[in-house]
There are 2 protein chains.
Amino acid sequence: MKSKRIPKATIGRLAVYVQVLESLRRDRVEVVSSEKLAQACSVNSSQIRKDLAYFGEFGVRGVGYYIQELITSIKRSLGIDRVWNCALVGVGNLGRALMKHRDIPRKGFVIKAAFDCDPDRIGLVIKGIEVMCLSRIKEVVPSLDVEVGFISTPPERAQRAANFLIEAGVRGIVTFAPARLEVPANIPVEYVDFSHHLYAVAFYINQEANKA
Amino acid sequence: MKSKRIPKATIGRLAVYVQVLESLRRDRVEVVSSEKLAQACSVNSSQIRKDLAYFGEFGVRGVGYYIQELITSIKRSLGIDRVWNCALVGVGNLGRALMKHRDIPRKGFVIKAAFDCDPDRIGLVIKGIEVMCLSRIKEVVPSLDVEVGFISTPPERAQRAANFLIEAGVRGIVTFAPARLEVPANIPVEYVDFSHHLYAVAFYINQEANKA
DNA sequence: CCGCGCATGTGAAATTTTTAACATGAGCTG
DNA sequence: CAGCTCATGTTAAAAATTTCACATGCGCGG
């Protein structure tokens, strides 16, 4: 386990490995080889061993990987072996859907506070969380130990939301708004935008058509 | 403009360029240099010129890129300068949200049909679309010129949904189910799963912490 | 209408990432 | 307990991608 720069692509694949491993675990499989796992994830088996090697030695030679153990190890490596407190800015349709989405807490991300600047929304209670005025964010985020910010505002207000969140002390942002954000270099931002996948599928369909 | 294999990463970036360019257009900006665009997208300016070069020459030397024109060119390159008819399988919470989601048609993807295997859901009408039994898919997809399949079933039924869609003749799939799919090599699949972004942000936050 | 400035498009260099190859070590068998 | 099998962990090679550097060519000003 050497401390080297870890490729962004590796992080993405680790998430896939976890997904596939959890699916295997549901099927009561206990051990898997890098070769088998590779097939299920549509990647090369060396790739898997390489990716895992960034974080340690998790397998048993001649045997493979114990699935439960590997899931735990990957989650620890990614830092998702604990709960992350989150704050959400922008309580529109999307924001409300996120607050109600069961899979988010299931993955260890708990929305502890929600903010908006629309007076009509302030005071609403969704899933036990009261929507607060954005001006209170600086007081609330530290007191609730919030480390991650979710942005679900319209694109034109995303930057403002980001500024508020960072000012309030969040350490990373996941934004669902279709807008790029300018943030300090030490604040990671993840852009969630499934329209990119729509574009991609259209492109690859055309590409297949041109092959044939 | 040479016909070379186009990196997957390039496709992802093109989608980002479109997003940023459309934002600039909203601000009435008419021309942009690769350098300016690069900054807004947090990439290298050579990268942008390289990415665009796969598809043609869209800029004017000494001037830059005409934004409206570039948007059109990129969209044509990606194949999103037209409408794509889609069919959705799995009308649970997520499926219904997708059917109501305005941004999907806005991007040129129109859901023309919806399928489920739960009798309680068959017959429901959502956004003018009647939910049909999955057994009818093979008749409906060709008759409505559907080319793209959306999967929003639980993970354990995603593969079955994919099989039905492909059998019915869709050319590509966008799946929202947290499961990997086995499909013929000529059918592109895009996996939409924002939990990957949650994992990523957690990892990068930890990484920042270890730096300091 | 010539020359200058500027930003593109591109070929080559540098870097990163992926794939292949193999030595290592765990576990099983006789 | 020696030897054999198998799959990992790792080193080296190959491939792909990103970045650099600059020649090309458009537009403007004198």
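Everything numeric in this text was worked out from a predicted model, so none of it was measured. Reminder, nothing fancy here: chain letters follow the sequence lines and each chain counts from 1.
- An angle of 0°, rounded to 10°, separates the two end axes of the helix from C:dC1-D:dG30 to C:dG30-D:dC1, each defined over five pairs.
- Between the P atom of D:dT17 and the CG atom of B:L52 lies a distance of 16 Å, rounded to the nearest Å.
- In this structure, A:T10 and B:G64 both approach DNA chain C, and ranking their closest nucleotides by distance from the 5' end singles out B:G64.
- With rounding to whole Å, A:I48 atom CD1 is found 16 Å from C:dA20 atom C1'.
- Atom OH in B:Y17 sits 5.5 Å away from atom CD in B:Q47 (nearest 0.5 Å).
- One can place CZ of A:R13 at 8 Å from C1' of C:dT17, the figure rounded to the nearest angstrom.
- Counting only residues at least two apart or in different chains, salt bridge (charged side-chain N to carboxylate O under 4.0 Å, His left out) contacts with residues 36-51 of chain B comprise B:R13-B:D51.
- Contact between A:F109 and B:L198 at its shortest, heavy atoms only, is CZ-O, 3.2 Å.
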Listing time: all N or O pairs from protein to nucleotides 23-27 of chain C that are below 3.5 Å?
unit_1: C:dT24; atom_1: O2; unit_2: A:R61; atom_2: NH1; d: 2.5
unit_1: C:dG25; atom_1: N2; unit_2: A:G62; atom_2: N; d: 3.4

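- Within a 6.0 Å radius of CZ in A:R82, other residues, nucleotides and ligands contribute more than 12 heavy atoms.
- In this structure, B:K8 atom NZ and D:dT18 atom P are separated by 13 Å, rounded to whole Å.
- Within a 6.0 Å radius of CZ in B:R157, other residues, nucleotides and ligands contribute 12 heavy atoms or fewer.
- Rounded to an integer number of Å, the gap from A:L70 CG to D:dG9 C1' is 14 Å.
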Between protein and nucleotides 19-21 of chain D, what N or O pairs are separated by less than 3.5 Å?
unit_1: D:dT19; atom_1: OP2; unit_2: B:Q47; atom_2: OE1; d: 3.4
unit_1: D:dT19; atom_1: O4; unit_2: B:K50; atom_2: NZ; d: 3.1
unit_1: D:dC20; atom_1: OP2; unit_2: B:N44; atom_2: ND2; d: 3.3
unit_1: D:dA21; atom_1: N6; unit_2: B:R49; atom_2: NH2; d: 3.3

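- When the P atom of C:dT10 is taken as reference, atom CZ of B:F55 falls 14 Å away, rounded to whole Å.
- Spacing between atom OH of A:Y54 and atom P of D:dT11 amounts to 13 Å, rounded to whole angstrom units.
- Using a 4.0 Å cut-off between a side-chain N of Lys or Arg and a carboxylate O of Asp or Glu, A:R76 and A:E69 do not qualify as a salt bridge.
- Counting heavy atoms from C-beta on, the side chains of B:S77 and B:Y54 never come closer than 4.5 Å.
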Inset, instruction - Show your reasoning for whether side chain to side chain contact (heavy atoms under 4.5 Å, CB included) applies to B:F194 and B:V192. - result: CA-CA 7 Å; B:F194 76 83; B:V192 182; over 6 Å; no
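- Residues A:L165 and A:I137 have side chains in contact (heavy-atom distance under 4.5 Å, counting atoms from C-beta outward).
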Taking distance alone, no hydrogens or angles, what donor-acceptor pairs closer than 3.5 Å link side-chain atoms of residues 166-186 of chain A to residues at least two apart or in another chain?
unit_1: A:E167; atom_1: OE2; unit_2: A:K138; atom_2: NZ; d: 2.9
unit_1: A:R171; atom_1: NH1; unit_2: A:E147; atom_2: OE2; d: 2.6
unit_1: A:T175; atom_1: OG1; unit_2: A:A177; atom_2: N; d: 3.1

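- Applying the 4.0 Å criterion to OP1 and OP2 of D:dG9, one finds that A:Y65 has a side-chain N or O inside that range.
- Taking atom CG of residue B:D51 and atom C1' of nucleotide C:dT8, one finds them 14 Å apart after rounding to whole Å.
- With values rounded to the nearest 0.5 angstrom, A:E208 atom CD is found 9.5 Å from A:I205 atom CD1.
- Atom CZ of B:R102 is separated from atom CG of A:N93 by 7.5 Å, given to the nearest 0.5 angstrom.
- Side-chain contact check for B:S23 and B:Q19: no donor-acceptor pair (N or O, by modelled atom type) lies under 3.5 Å.
- Contact check for B:L78 versus B:I11: side-chain heavy atoms found under the 4.5 Å cut-off.
- A heavy atom lying under 4.0 Å from DNA chain C marks the following residues of residues 22-40 of chain B, by number: B:S33, B:S34.
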